[in-house]
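Reading through the structure tokens given below for one structure.
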Amino acid sequence: MKINIINTSGLPLPQYETEHAAGMDIRAFVQEALLLKPLQRALVPTGLQIELPAGYEAQIRPRSGLAYKHGISIVNAPGTIDADYRGEIKVLLVNLSDTDFVVNNGDRIAQMVIAKHETIVWENADSLTETLRGAGGYGHTGK
Ligand SMILES: O=c1ccn([C@H]2C[C@H](O)[C@@H](COP(=O)(O)OP(=O)(O)OP(=O)(O)O)O2)c(=O)[nH]1
Ligand SMILES: [Mg+2]
């Protein structure tokens with residue numbers, strides 16, 4: 001499937017790093033290196049604008065390597081790129097470690113998964129079907 005993209009970053013397009021990868025790594029597009037102090041967050045530009053077909057979304061997810069080695073995550077994970085959004089995609093990084101982290105131009109800071117979604121219509125109801133779980137949750141089945 002082809003999706004229109006505008007790339008003003010001069011960096012490589014997001015790409016699948018392996019044959020069956022779900023996510024394409026996306027890169028930071030910054031004029032100068034960005035310093036993220038412990039617990040600091042930043043909206044990191046990518047220089048990318050996309051045109052998703054109706055019924056699709058793009059999810060912006062953390063990379064596990066950055067999370068494990070440097071405590072770098074995404075505040076709103078998974079970020080949601082709506083099909084009707086035409087602005088620049090940005091990544092809301094947060095440094096959850098106790099040391100500074102530097103983002104350089106071109107660094108692969110996150111990954112994007114293109115996914116289908118439903119658009120639903122609510123049906124007002126007076127009751128819902130019964131299930132074994134019922135209202136149980138939050139660990140009610142035990143460890
Ligand atoms: O990580 C993200 C999340 C969102 N967006 C863009 C695309 C998305 O379509 C738009 C709105 O995102 P969202 O719905 O999550 O934010 P909101 O706070 O609900 O803003 P809005 O009222 O504009 O929908 O912002 C990004 O670039 N990166
Ligand atoms: Mg919204």
Side-chain angles (χ1 to χ4, degrees), residues 1-129 131 133-141 143:
M1 160 178 188
K2 290 185 177 173
I3 292 179
N4 286 340
I5 187 166
I6 295 174
N7 178 11
T8 57
S9 71
L11 298 165
L13 285 178
Q15 60 185 36
Y16 301 109
E17 303 293 330
T18 59
E19 193 182 0
H20 298 299
M24 291 170 279
D25 285 351
I26 52 180
R27 297 171 186 272
F29 174 43
V30 289
Q31 305 300 332
E32 52 193 53
L34 184 87
L35 178 70
L36 269 185
K37 293 182 181 299
L39 291 184
Q40 207 179 359
R41 60 187 188 268
L43 205 47
V44 184
T46 65
L48 302 173
Q49 296 161 256
I50 63 176
E51 187 178 338
L52 291 168
Y56 286 81
E57 58 152 342
Q59 300 173 0
I60 307 297
R61 303 186 187 176
R63 292 185 66 205
S64 64
L66 286 180
Y68 178 55
K69 293 176 197 157
H70 302 288
I72 297 300
S73 191
I74 294 178
V75 185
N76 58 327
T80 304
I81 310 300
D82 300 290
D84 52 3
Y85 182 70
R86 297 291 179 267
E88 179 182 13
I89 293 174
K90 294 185 178 174
V91 180
L92 192 39
L93 284 189
V94 61
N95 180 358
L96 298 179
S97 78
D98 54 9
T99 54
D100 290 356
F101 183 78
V102 176
V103 178
N104 291 296
N105 189 47
D107 282 356
R108 290 182 286 139
I109 52 170
Q111 57 186 322
M112 179 194 298
V113 174
I114 308 291
K116 283 185 184 173
H117 70 84
E118 300 290 336
T119 300
I120 63 99
V121 177
W122 294 117
E123 181 80 35
N124 280 311
D126 295 325
S127 63
L128 305 175
T129 58
T131 68
R133 173 180 288 278
Y138 315 101
H140 92 296
T141 58
K143 263 192 174 176

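First listed ligand is number 1; within each ligand, the first listed atom is number 1. Note that the structure is predicted; figures quoted are calculated from it, not measured.
For ligand 1, the atoms lying closer than 4.0 Å to a non-hydrogen atom of I89 are 27 (O). Taking every heavy atom of G79 and a limit of under 4.0 angstrom, the matching atoms of ligand 1 come to 1 (O). Set against the non-hydrogen atoms of E88, the atoms of ligand 1 under 4.0 Å away are 27 (O).
For the pair P78 and R61, the minimum side-chain heavy-atom distance is below 4.5 Å. The shortest side-chain heavy-atom distance between Y56 and I3 does not fall under the 4.5 Å cut-off. When side chains are defined from C-beta on, H140 counts as touching R133, because their heavy atoms get closer than 4.5 Å. Annotation: side chain of Q40 is not in contact with side chain of L35 (no heavy-atom distance under 4.5 Å).
Scanning both residues, I89 and I60, for their nearest heavy atoms gives CG2-CD1, 4.1 Å. For the residue pair V113 and G23, the shortest heavy atom distance occurs at CG2-CA, 3.8 Å.
For the ligand labelled ligand 1, residue L92 lies outside the 4.0 Å heavy-atom shell.
For atom 1 (O) of ligand 1, the closest heavy atom belonging to the protein is N76 ND2, 3.1 Å. In this structure, atom 25 (O) of ligand 1 lies nearest to the protein heavy atom Y85 CE1, 4.0 Å. Atom 8 (C) of ligand 1 has as its closest protein heavy atom T80 O, 3.2 Å. Of the protein's heavy atoms, K90 O, 3.5 Å lies nearest to atom 2 (C) of ligand 1. When only non-hydrogen protein atoms are considered, atom 11 (C) of ligand 1 lies nearest to D82 OD2, 4.0 Å.
Note that atom 21 (P) of ligand 1 has no protein non-hydrogen atoms nearby, at separations under 4.0 angstrom. Contact annotation for atom 27 (O) of ligand 1: protein present (non-hydrogen atoms, distance under 4.0 Å). Within 4.0 Å of atom 18 (O) of ligand 1, not a single protein heavy atom is present. In this structure, atom 5 (N) of ligand 1 has a protein heavy-atom contact shorter than 4.0 Å.
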- Item | side-chain contact (heavy atoms from CB on, under 4.5 Å) between I72 and N95, worked out | CA-CA 5 Å; I72 297 300; N95 180 358; 3.9 Å; yes

- Query: For L39 and L96, what are the C-alpha separation, side-chain angles and deciding distance, and is it a side-chain contact (heavy atoms from CB on, under 4.5 Å)?
  - Reply: CA-CA 5 Å; L39 291 184; L96 298 179; 4.2 Å; yes

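Atom CZ of R41 sits in a sparse spot, with 12 or fewer heavy atoms from other residues, nucleotides or ligands closer than 6.0 Å.
Contact annotation: for V91 versus ligand 1, there are no heavy atoms closer than 4.0 Å.
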